[in-house]
Amino acid sequence: MSSMQQLKKMAAIGGAVSLALCWPLAVGQIGQNVIEDSVANLNSAALQAEIVSYDRGYLSSSVTTRYVVKDPVMAAQLKADGVPDEIIVESELSHGLFSISADSLLANWQELPLTLHTVTQLNGNTDFDFKLDTWRQSTEGEGGAMMLITPSSLKGHVTVLGQVDYQLSVPSVEVDFNSGEKLLIENISGKGNGKKVNSFWIGEQAMKVGDFSVYAADQTTMFNFVNGEYKYQAEYAEATQRVASKHAVSVGAVAVEQESLDNLELDFAFGDLDAVSFEQLVTLYQNSPMLTAQDLQQMIPHVDTLFAKGFYLSSDKMVVNVGDGEFTSNWKLTVPQGTDNVSQNPMKVMPALEGHFDSFISNALVEQYPAIQQTIDEGMIMEFVKQTDTGYQVKAEIKEGNIVFEGGQKVPLMSLLLPFMM
């Protein structure tokens, strides 16, 4: 081997060694930039986030961050619940080959046994794992209680583009009130994926509760439900700037003292909403829940736009079983595009509405609740209600401001809504 080749080989080896030695420093620097940017992005009108100290070492770093709730109403509520409105987080970081791992804990709220383990890639994508150890908290006095939460976890992944997926697990939450009542929630789980687009969560979420019970002071059951589930799904059409969401609730069984329901299912959806005007309305309401005359004035143009572009509300399924009896229903109400200037003439909304509804009551349910029979008999005389082999059905279309029943009878929509408006 020539001396020149040997020099080149030695230079390459030296360069590789230098790179290896410098790499943890580079990872530490890149990681610090990512963390500083992430903390800065958390700042909002409601929350102030800042890095108190960042001690960057060769293979590891120590970071202290502070999070302060700026919303005075929320801060006051947190203090009333014994939760500090300022959180100090201490984190120990390890510089890996392509990522930084961190273990964090709450420095000024050690009563809460919560830890966080994260692994952040150099591009900013992060895996997170919150772990809550057994947490007991009690308050004295007549209105006080003892709360116990068993070891729980929240883990998932978040990208620099805001895409999030997560899984939640809480085996049980028990609250024993000093007055003798008791609340017990068991087998809580949740999952979701999506991202926040403006003020909307676009994606899917689901929450399950195995058992929810409320007991009186004598330990008799006041309220109970089993196998409860809530599902949320939302979509955003970027081309048309329209948003739609669907909410679904199901419960295996519900008992309130002596009354019980089985197999309760309900969904609700809204769609084709103009995302821009709807977001403005949501923002105005969030900033001022107690609406003033000035707030209402600001809302008017967004309400006009919302109705002018059209939208719909619907429920594809409502099912309730009581013993052997069953009630089912579905409906849809549409505000057509072109329903203009509703703030100047709200009465023009009623004749513009379109839609339908379809409800069914089984024979067994009517037999269980004879009071329903009188209403059904009156409906059959007026030919609103149709009898079938298995029960009674009401079907109608909504058009031109009227409810048009299957038999052809028309009832002004306003006459049905007027009692609610009064």
Open item on the list: Assess the residue pair Thr126 and Thr118 against the criterion (side-chain hydrogen bond (donor to acceptor under 3.5 Å, both in side chains)); give the C-alpha distance rounded to whole Å, side-chain angles, the decisive distance to 0.1 Å, and a yes or no.
Closed with: CA-CA 7 Å; Thr126 299; Thr118 58; over 6 Å; no
Heavy-atom count around [X] [atom1] within 6.0 Å, excluding the residue itself: above 12?
{"X": "Lys410", "atom1": "NZ", "answer": "no"}
{"X": "Gln374", "atom1": "CD", "answer": "no"}
{"X": "Asp324", "atom1": "CG", "answer": "no"}
{"X": "Lys208", "atom1": "NZ", "answer": "no"}
{"X": "Met382", "atom1": "CE", "answer": "no"}

Just so I know, are the side chains of [X] and [Y] near enough to count as touching, which here means a heavy-atom distance under 4.5 Å?
{"X": "Gln205", "Y": "Tyr230", "answer": "no"}
{"X": "Tyr54", "Y": "Leu93", "answer": "yes"}
{"X": "Ile202", "Y": "Val243", "answer": "yes"}
{"X": "Leu306", "Y": "His302", "answer": "no"}

Task: Side-chain donor-acceptor pair present, Gln373, Asp377, cut-off under 3.5 Å - done: yes
Are any side-chain N or O atoms of [X] and backbone N or O atoms of [Y], one a donor and one an acceptor, separated by less than 3.5 Å?
{"X": "Asn178", "Y": "Thr139", "answer": "yes"}
{"X": "Asn123", "Y": "Asn125", "answer": "yes"}
{"X": "Gln368", "Y": "Gly325", "answer": "yes"}
{"X": "Ser99", "Y": "Val119", "answer": "no"}
{"X": "Asp316", "Y": "Asp267", "answer": "no"}
{"X": "Asn363", "Y": "Thr390", "answer": "yes"}
{"X": "Asp274", "Y": "Ser277", "answer": "yes"}
{"X": "Asp85", "Y": "Lys70", "answer": "no"}
{"X": "Asp103", "Y": "Ser91", "answer": "no"}
{"X": "Asn263", "Y": "Asn321", "answer": "no"}

Task: Pair Asp211-Ser213, side-chain hydrogen bond (donor to acceptor under 3.5 Å, both in side chains): steps then yes or no - done: CA-CA 7 Å; Asp211 190 290; Ser213 300; 2.7 Å; yes
Open item on the list: Below 30° counts as parallel, above 60° as perpendicular, anything between as tilted: where do the rings of Phe212 and Phe223 land?
Closed with: perpendicular
Taking all non-hydrogen atoms of both residues into account, name the closest pair between [X] and [Y] and its distance.
{"X": "Glu397", "Y": "Gly355", "answer": "OE1-O, 3.3 Å"}
{"X": "Pro113", "Y": "Thr134", "answer": "CG-O, 3.5 Å"}
{"X": "Gly271", "Y": "Ala244", "answer": "CA-CB, 3.7 Å"}
{"X": "Val175", "Y": "Ala145", "answer": "CG1-CB, 3.8 Å"}
{"X": "Gln163", "Y": "Asn193", "answer": "NE2-C, 4.4 Å"}
{"X": "Val322", "Y": "Tyr369", "answer": "CG1-OH, 3.6 Å"}

TODO: Applying side-chain hydrogen bond (donor to acceptor under 3.5 Å, both in side chains), run through Glu354 and Tyr312 and close with a yes or a no.
DONE: CA-CA 9 Å; Glu354 301 171 356; Tyr312 70 82; over 6 Å; no
Open item on the list: Holding to salt bridge (charged side-chain N to carboxylate O under 4.0 Å, His left out), I want the full list of residues that pass it with Glu265, two or more places apart in sequence or in another chain.
Closed with: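 With neighbours one apart ignored, the set is Lys317.
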Open item on the list: Just checking Phe270 against Phe278, ring centres under 6.0 Å apart?
Closed with: yes
TODO: List the steps, then state whether side-chain hydrogen bond (donor to acceptor under 3.5 Å, both in side chains) holds for Ser101 with His117.
DONE: CA-CA 7 Å; Ser101 62; His117 177 73; 5.5 Å; no
Rounded to the nearest 0.5 Å, what's the gap from [atom1] on [X] to [atom2] on [Y]? Could you check?
{"X": "Glu111", "Y": "Gln137", "atom1": "CD", "atom2": "CD", "result": "8.0 Å"}
{"X": "Met222", "Y": "Tyr215", "atom1": "CE", "atom2": "OH", "result": "12.5 Å"}
{"X": "Leu168", "Y": "Ser189", "atom1": "CG", "atom2": "OG", "result": "7.5 Å"}
{"X": "Leu112", "Y": "Leu132", "atom1": "CG", "atom2": "CG", "result": "6.0 Å"}
{"X": "Lys195", "Y": "Trp201", "atom1": "NZ", "atom2": "CH2", "result": "10.0 Å"}
{"X": "Gln297", "Y": "Leu284", "atom1": "CD", "atom2": "CG", "result": "12.0 Å"}

